[in-house]
Amino acid sequence: MTRNLHKNPNPQGKGLVAVLADWQATRPSAVERKAPGDLLRDWFASALVLSADFHFRPVVGQSYYLYHRADGWRLSLIAPQEWGRERSGACLGCCRLQPDMTWSLEPREELADEGLLVEELARLVAAFAEELADEGSLAARVPGYRRDLPYHRRMLATALGSSLRLAVDDASRLDAPARDLLEAAGGLSARALLAPGVPPANPAQRVS
């Protein structure tokens, strides 16, 4: 028997009509130009959510909750107080998919007490800033189609990339080094990206 050595680009087995319907549902709308700091905040928050494990199609405006566990991030419809004795990990806060296909994050008020989670966020912010600080153009760094992602996350990543390109306050930034956007935003910090609820691991810490 001959083995199929090519990955199925549509492992969920969706037909073309269903795929087109899902793409229509995830097309960004109401996209507005964003200042560098706002763009980076929305980009980081969205990338964080899309790195989480979930197997459903998020709905615009619906509340979801982002949890961190030893094996990574998880997006859930279940709020922390609804788990009872069972816990899915440390909850970062509430997330909502916006019409422009970026994600908003509302950190929990108790997050300051989650030292390990705050440290992990600071680490991710530093890694995000480091990726933007190299010689590559902003256009090359903006997310897009990812064949390796599960179906719904793949659709959302593609839509996010389209949204971010449209939201850049100056189209010429897309061809400029990504670090220019980072510098225009004045650097990055966990507080700036997820404010007002998330303090940096070290109050003096700032990634630039």
Side-chain angles (χ1 to χ4, degrees), residues 26 28 31 33-54 58 66-75 90 92-93 95 97-98 100-105 107 111 116-150 152-195 197-202 204-208:
T26 54
V31 180
R33 300 286 185 180
K34 297 177 182 179
D38 295 334
L39 185 72
L40 288 178
R41 180 198 63 217
D42 292 349
W43 183 352
F44 176 82
S46 301
L48 179 58
V49 173
L50 293 182
S51 74
D53 181 40
F54 63 90
L66 190 61
Y67 296 89
H68 185 257
R69 306 181 299 183
D71 59 349
W73 295 88
R74 179 184 181 189
L75 189 68
L92 171 58
C95 330
L97 181 63
Q98 304 302 309
D100 69 355
M101 292 296 115
T102 62
W103 286 82
S104 66
L105 279 176
L111 193 58
L116 293 178
L117 181 54
V118 172
E119 289 178 8
E120 174 64 9
L121 284 171
R123 185 190 69 79
L124 292 175
V125 168
F128 181 68
E130 185 176 351
E131 289 183 2
L132 295 178
D134 65 16
E135 297 296 326
S137 69
L138 180 60
R141 294 292 172 267
V142 170
Y145 179 82
R146 287 272 306 277
R147 188 187 181 96
D148 60 306
L149 288 176
H152 292 300
R153 287 160 62 189
R154 187 191 321 154
M155 298 289 282
L156 289 167
T158 304
L160 173 63
S162 298
S163 179
L164 292 175
R165 287 181 174 87
L166 292 171
V168 174
D169 62 339
D170 182 348
S172 66
R173 289 192 192 278
L174 289 169
D175 297 322
R179 65 171 180 270
D180 289 359
L181 182 69
L182 186 65
E183 294 172 358
L188 295 178
S189 70
R191 181 185 294 275
L193 287 168
L194 299 175
V198 182
N202 178 340
Q205 181 180 14
R206 187 169 185 81
V207 182
S208 59

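Between the side chain of R74 and the main chain of Y67, no donor-acceptor pair closer than 3.5 Å is present. For R33 (side chain) and L166 (main-chain N/O), a donor-acceptor pair under 3.5 Å exists by modelled atom type. Side-chain atoms of S163 do not come within 3.5 Å of backbone N or O of T102 as any donor-acceptor pair.
Residues L121 and L92 have side chains in contact (heavy-atom distance under 4.5 Å, counting atoms from C-beta outward). Considering only heavy atoms from C-beta on, V49 comes within 4.5 Å of L75 through its side chain. Side-chain contact between L40 and F128: present, with at least one pair of heavy atoms (C-beta onward) separated by less than 4.5 Å. In this structure, the side chains of D134 and R141 come closer than 4.5 Å at one or more pairs of heavy atoms. D169 is not listed as a side-chain neighbour of L39, based on a closest heavy-atom distance of 4.5 Å or more. Counting heavy atoms from C-beta outward, L132 and W43 have side chains that approach closer than 4.5 Å. Looking at heavy atoms from C-beta onward, M101 lies in side-chain contact with L156 at the 4.5 angstrom threshold. L124 places a side-chain heavy atom less than 4.5 Å from the side chain of F44.
Atoms CG and CH2, from L48 and W73 in turn, are 5.0 Å apart once rounded to the nearest 0.5 Å. Note that CE of M155 and CZ of R153 are 14.5 Å apart. Values are rounded to the nearest 0.5 Å. Taking OG of S162 as the reference point, atom CG of D100 lies at 11.5 Å (rounded to 0.5 Å).
Of all non-hydrogen atoms in A133 and R179, the two that sit nearest each other are CA-CB, 3.9 Å. The two residues L105 and L66 come nearest to each other via the heavy atoms CD2-CD2, 4.4 Å. Closest of all the heavy-atom pairs between W103 and C95 is CE3-CB, 3.7 Å.
When the side chain to side chain contact (heavy atoms under 4.5 Å, CB included) test is applied to A140, the partners found at least two apart in sequence or on another chain are S137.
Exactly one of L182, D180, L181, D170 qualifies for a side-chain contact (heavy atoms from CB on, under 4.5 Å) with P36. That residue is L181.
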